[in-house]
Amino acid sequence: MTKELAKVYVPADTEKLVSERWAESGAFHAEPTTDDSVPSYSVVIPPPNVTAALHLGHALNNTLQDVLVRYHRMRGFNTLWMPGTDHAGIATQTVVEKRLLQQGTKRLEMGREAFIEKTQEWKDEYEETILGQLTEMGASCDYDRVRFTMDDMCATAVRHAFYILFRDGLIYRGKRLVNWDPATGTALSDDEVEMEDVAGHMWYLRYPLEDGSGHVTVATTRPETMLGDTAVAINPDDPRAAELRGKNVRLPIVGRIIPIIEDDYVVLPDPESSDAKAQMSSGCLKVTPAHDPNDWDIGLRHDLEVINVMAADASISDQYGWDDASDEAQQFLGLGRYEAREALVAWFESNNLLEKVVDYSHSVGHSYRSHVPIEPWLSDQWYVAASDDRLAGSALRAQSPEQATTRSAEHQPGDTNGDGELRFVPDRYAKTFQQWHEGIRDWCISRQLWWGHQIPVWSSTVVDASGRHPNEAINNALALVEPGAAATVQSRWTAAGAVHTVRRLTDDEFVESICVPPQSTLNHEPRDDDSMDEAALVAALEADGFVRDPDVLDTWFSSALWPMSTMGWPYPEDFPETTGNGTDLLSTFNPTSLLSTAREIITLWVSRMVMFNRYFLDGQLPYTDVFIHAMVQDGHGQKMSKSLGNGVDPRDIIYSHGADAMRFTLVQMTTDTQDVRMPVDMVCPHTGEAFTPEFITTSAGHHVAAPEQTSPSDPTKTMVSAYGVAAGVAQPSDDTPLARNTSAKFDGGRNFSNKVWNAVRFAVSRLDDSMGSSEPVNPGATHFVDQWILSRLATTIATLEEAVASYQFNVYADTLYDFIWRDLCDRYLEAIKPTIDEDGAQQAVLGAVLDASLRLMHPVCPFITETLWPHVSDARCGEIAGLELPASELLATAAWPVIDSSMSNDAVIGDFDRAYRLITEIRTLRAKQNVKPKQRITVHAPAPVLELIAASGGLVETLSGVGEVADSAGDLPAISSPVAFEGSQVFLSGLSDEVNLDDERARLEAVIEQKSKQIAGFNGKLSNDGYVNGAPAHLVQETRDMLAAAVADLDAAQASLDGLG
RNA sequence: GGGCCAUUAGCUCAGCUGGCUAGAGCGCUGCCUUCACACGGCAGAGGUCACUGGUUCAAGUCCAGUAUGGCCCA
């Protein structure tokens, strides 16, 4: 097995082989169990969108999850990491439509079925890419269980969840203002709207009073909506209010007579105010309930008419609820919203009703997908009653009492399953979660898309001139609910297993809606004899004139079920792959242990998973811990994003540095701040050299790599940047290929890997099986440095365990780095070189420490450690008593080291540190005097230092090139250099033939100056009575000791200086 | 407008509950092609911890404010 190791670690040579070994062995596969003695550890991956390949942000998040997952697997947990992808409704549909457009087709031309097929192809392509990337990164997911938010298992869960919420009255249909994206023709949730500052104008329009007594001036940024105005509002505190009270306005163009109302939402004009709104206000507000959310609210308060003057593409139209369009208004019909704006402003100007126009910069909602301004638009949509206490209230009650700042009065933590158990790390994010739920609005879940879970509701409209529904039972049911609300009724459909509701649309129109559950629900829910299966039910409904809602669900609806749907909820027995050992995944692994995600996901996803998991599973949380990781920014402090093209493909980093180097660096960067900066370089595809690209500033003010770049060493060769491709201004070709990215940030990780590689290479060359003993080595009987490295191993293991428990990832990486590089390589390996070949016990220690080091490092750097594992396992020679390192074929499934706490010996560590300070003093002097490494020197020291040197068992001699140790009380050679160490004079001789006395004096004077400063500092502290009396006694004593040591060092240096003459 | 984060060595960042004689990596300087590693070793230079106040025996760390940059939400 053991082959010669190359001099340099080349990740590409081994990473793929290692991945294959993991896959073949089933190392990452988890099965459900009822065995309580084996604790579970589970994580569901935040399913990446199938819109595009993963970027560095995903790499960061998945690395952190993998560290935790691998660690717990090694600790003996039954560990499941559930992988999968998200269909990402609108995002995917948009990219597919874009691709189709490039190919000259359109979605509407090809039809729903063909389009979904195309999208499915896209999904398959990117799912493969994403899973490939996860594998390349070393993510130890259970790849036997890859889920997709639209696969059968997830679709069943979505259908069931919808059915339950519908049945329980938590899903309703409502006519509301939605955030309408006129470009993609769909409603967006509030979270899908991005606010952007826009340099616009404030137009001041004059509306004549009906009685001819003058006019009022309204200020608006959106004059095109005036056609739908149904009131003018004024603040009741406005001095003009009394005069205008009860009057009406004749709306220009339309001629509509609309009231002047009083509402304190209206901002009082104040030219002196620092608030731009008050500066700009005319005091009169045009109220357009159908086209502005605030006006909608005013409309509700004042019972105003709602007149929608726009079509779905945001053009002016009288087909959607506007029935008093005058002759004058006809000219504006059909105009787009911005054409209409111009035309209307021109009309007001030419009719002398435009008072003024002022530049005004304000914030406008834009579609996160199409980037066009959203249009508040009145339409029928499905809502989840997220504001219901059963959802938002439940989410708030889930919060850990230590993290929640307010709690509902009636609630006592712990009185319901899951209450008070949700914890955020870092804890500041609990506030984001809380504030979101305290101000939550009902969640619009319907999307006018094709790609997604189609809403499982069939509807039929009944018209009856009598104003009564023909069915008496339905009339009775309707009488019991508020007008416009849905009433649940019993019918042949409910007898067949569906939920049947009815709602009054207008005076003589009713809509009946039937929610059909999935077949598995029909199988499990008790029903009477009229039951039908799903297909028969749907066929009967359609035969009866019911039509299925064409809309699909918001992507987050299916994501919200992810920790349940991936595990077979609601009926795992219907999906045999989720069962086993007499139980199922859901019972074994939900609640999951942790969710790791980015902070903008707290509202979009974390919130909804908590609400749903709790609602559907009797208060049970989807997870107890939420870790919010930092945002990866580019070198200019800009968020990495697809649209900016400043994102980095992890495969580029794996290509330039290796997966472990990438992972190690990402882990090391993960502190609890919220941003990490990643300056990105480009790699010239022609020459392979890394270089800093030329940057340009976009019109939006972003710093991005110029679309085209020139090879740094060959000006005739060019290449294309990722930004160029993302912005669509550059296309890669054979001559101008797309350049990969890299970053010098990852050098540290690469160097670390190489260091470990070589440490193992050294060790296996020195370890000799025949030296081993069958009896475990007693650590107390080993060499000083062996005891020391075992002590350091013990404290390192403890620190790593604490770091994981507290999600301090950078501490994990730094602790590993320190132990392996500094302690193991720089000190231990150097120290044992003279003795290792002959010392069997030391060989056992070296083998064991390397074995343990690979285990400790494995969660962060799985590839190199797995590659080295058989080499170290083979080379081991002997066990160490008190250190458990059970053999394992694969490192990925090996046990985490267990070390006896007695292994950590403070006295040994203390002596080592003292000896090492002496070593450093000697080395410094050697360096100053330019002594060759091979030259042995003599140390002349007083008794206490001689004891230390002896106790350290050759450490000082080996690490500082000392050939001989003598007592300084004896005769000193003519040429010797003094060093102040622990308050005594230590002399070194044999450094060189002659010593420059001036240099010596300068060196000693520098020591004296430094010590004098320290002494002054200590004296200052100790002469402060407040300190001496107020500070803890041990600190005061420590200061006294340091003062004494500094004084002794100064005296020794002074004596040496005097000795030089 | 509300919330959050950052400001520490030339650069990128640690420094958790106040005790620091302020650390690391890169870069820089000098020496070393020493039989694991030049993706290396040894040594060194480099910081009034953004600013102004305050609390405290003690402030990089806590509090208030200011400035600059960034993110999220409205």
Side-chain angles (χ1 to χ4, degrees), chain A residues 5 7-10 190-191 193-195 274-277 363 365 426 428-429 431-432 435-436 439 598-603 630-631 633 635-639 657-658 661 665 668-669 671-679 743-766 802-803 806 808 810-811 813-814 817-818 821-822 825-826 829-830 833 919-920 922-935 959-961 1010-1011 1013-1015 1017-1018 1021-1022 1024-1032 1034-1036 1038-1039 1042-1043 1045-1046:
Chain A
L5 293 170
K7 192 174 171 184
V8 173
Y9 173 55
V10 182
D190 294 339
D191 318 285
V193 177
E194 292 172 348
M195 303 308 288
S274 59
D275 179 12
K277 276 195 177 136
S363 174
R428 69 181 108 96
Y429 293 110
K431 199 170 175 181
T432 307
Q435 288 175 347
W436 164 255
R599 67 181 171 285
E600 73 267 20
I601 304 300
I602 294 170
T603 53
M631 173 99 58
Q633 298 177 339
H636 305 282
Q638 307 167 123
K639 179 180 169 179
H657 287 80
T665 303
Q668 203 176 26
M669 280 168 40
T671 64
D672 82 349
T673 56
Q674 50 183 24
D675 309 306
V676 292
R677 223 171 255 211
M678 175 72 64
S743 173
K745 269 257 182 186
F746 296 100
D747 290 355
R750 182 199 56 198
N751 298 352
F752 183 52
S753 297
N754 194 54
K755 191 74 183 174
V756 171
W757 181 264
N758 276 289
V760 170
R761 198 160 75 95
F762 165 77
V764 298
S765 74
R766 295 297 193 96
E802 279 171 35
S806 54
Q808 290 182 285
N810 64 314
V811 171
D814 290 340
Y817 188 94
D818 266 0
W821 201 311
R822 300 272 85 92
C825 295
D826 291 349
L829 292 185
E830 292 305 325
K833 278 178 179 173
I919 290 165
T920 305
I922 298 172
R923 283 170 162 182
T924 303
L925 191 64
R926 289 180 65 120
K928 288 220 164 99
Q929 298 201 11
N930 253 322
V931 180
K932 297 290 174 217
K934 279 182 180 160
Q935 188 167 335
L959 294 191
S960 55
Q1010 188 211 357
K1011 293 292 170 188
K1013 267 191 199 160
Q1014 284 180 14
I1015 290 165
F1018 295 140
K1021 266 191 175 180
L1022 289 170
N1024 177 351
D1025 286 346
Y1027 176 69
V1028 176
N1029 300 322
H1034 75 273
L1035 280 171
V1036 177
E1038 205 173 87
T1039 307
M1042 286 195 289
L1043 173 64

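Quick note on labels: first sequence line is chain A, next is B, and so on, each numbered from 1.
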[N] and [M]: how far apart are their [atom1] atoms, nearest whole angstrom?
{"N": "B/rA6", "M": "B/rU66", "atom1": "C1'", "answer": "16 Å"}
{"N": "B/rA59", "M": "B/rG18", "atom1": "C1'", "answer": "6 Å"}
{"N": "B/rU52", "M": "B/rC16", "atom1": "P", "answer": "23 Å"}
{"N": "B/rA9", "M": "B/rG60", "atom1": "P", "answer": "15 Å"}

Point to revise | A/Glu830 side chain, from C-beta outward: closest of B/rA43, B/rA36, B/rC32 | key: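 Nearest to the side-chain atoms of A/Glu830, counting from C-beta on, is B/rA36.
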Shorter than 3.5 Å, N or O on both sides, protein versus nucleotides 58-62 of chain B: list them out with atom names.
none

List, with names and distances, any nitrogen or oxygen atoms from the protein found under 3.5 Å away from nitrogen or oxygen atoms belonging to nucleotides 23-27 of chain B.
from	atom 1	to	atom 2	distance (Å)
B/rG25	OP1	A/Arg822	NH1	3.1

Review point. Once the angle between the rings of A/Trp821 and A/Phe752 is folded into 0 to 90°, is it parallel (under 30°), tilted (30 to 60°) or perpendicular (over 60°)?
Key: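 Parallel, since the angle between the ring planes stays under 30°.
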**Study point:** Residues in side chain to side chain contact (heavy atoms under 4.5 Å, CB included) contact with A/Glu830, at least two apart in sequence or another chain
**Key:** A/Lys833, A/Leu959
Check your understanding: Using Watson-Crick pairs (N1 to N3, plus N6-O4 or O6-N4) and G-U wobble pairs, both distances under 3.5 Å, which stems of at least 3 pairs involve RNA chain B?
Key -> B:1-7 with B:67-73, B:10-13 with B:23-26, B:28-32 with B:40-44, B:50-54 with B:62-66
Review point. Would you say the side-chain atoms of A/Ser960 pair up with the backbone N or O of A/Arg923, donor to acceptor, closer than 3.5 Å?
Key: no
[X] vs [N]: side-chain N/O to OP1/OP2 distance below 4.0 Å:
{"X": "A/Ser806", "N": "B/rC16", "answer": "no"}
{"X": "A/Arg926", "N": "B/rA43", "answer": "no"}
{"X": "A/Lys755", "N": "B/rC39", "answer": "no"}
{"X": "A/Lys745", "N": "B/rC11", "answer": "no"}
{"X": "A/Arg923", "N": "B/rA43", "answer": "yes"}

Exercise for review: Can you check whether any acceptor in the base of B/rC37 is under 3.5 Å from a donor in the side chain of A/Lys7, or vice versa?
Suggested key: no
Point to revise | salt bridge (charged side-chain N to carboxylate O under 4.0 Å, His left out) partners of A/Arg750, counting only residues at least two apart | key: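 Partners of A/Arg750 by the salt bridge (charged side-chain N to carboxylate O under 4.0 Å, His left out) criterion, ordered by chain and then number, come out as A/Asp747.
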**Study point:** Residues which pass salt bridge (charged side-chain N to carboxylate O under 4.0 Å, His left out) with A/Arg766, listed by chain and number, not counting sequence neighbours
**Key:**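 Expected list: A/Asp837.
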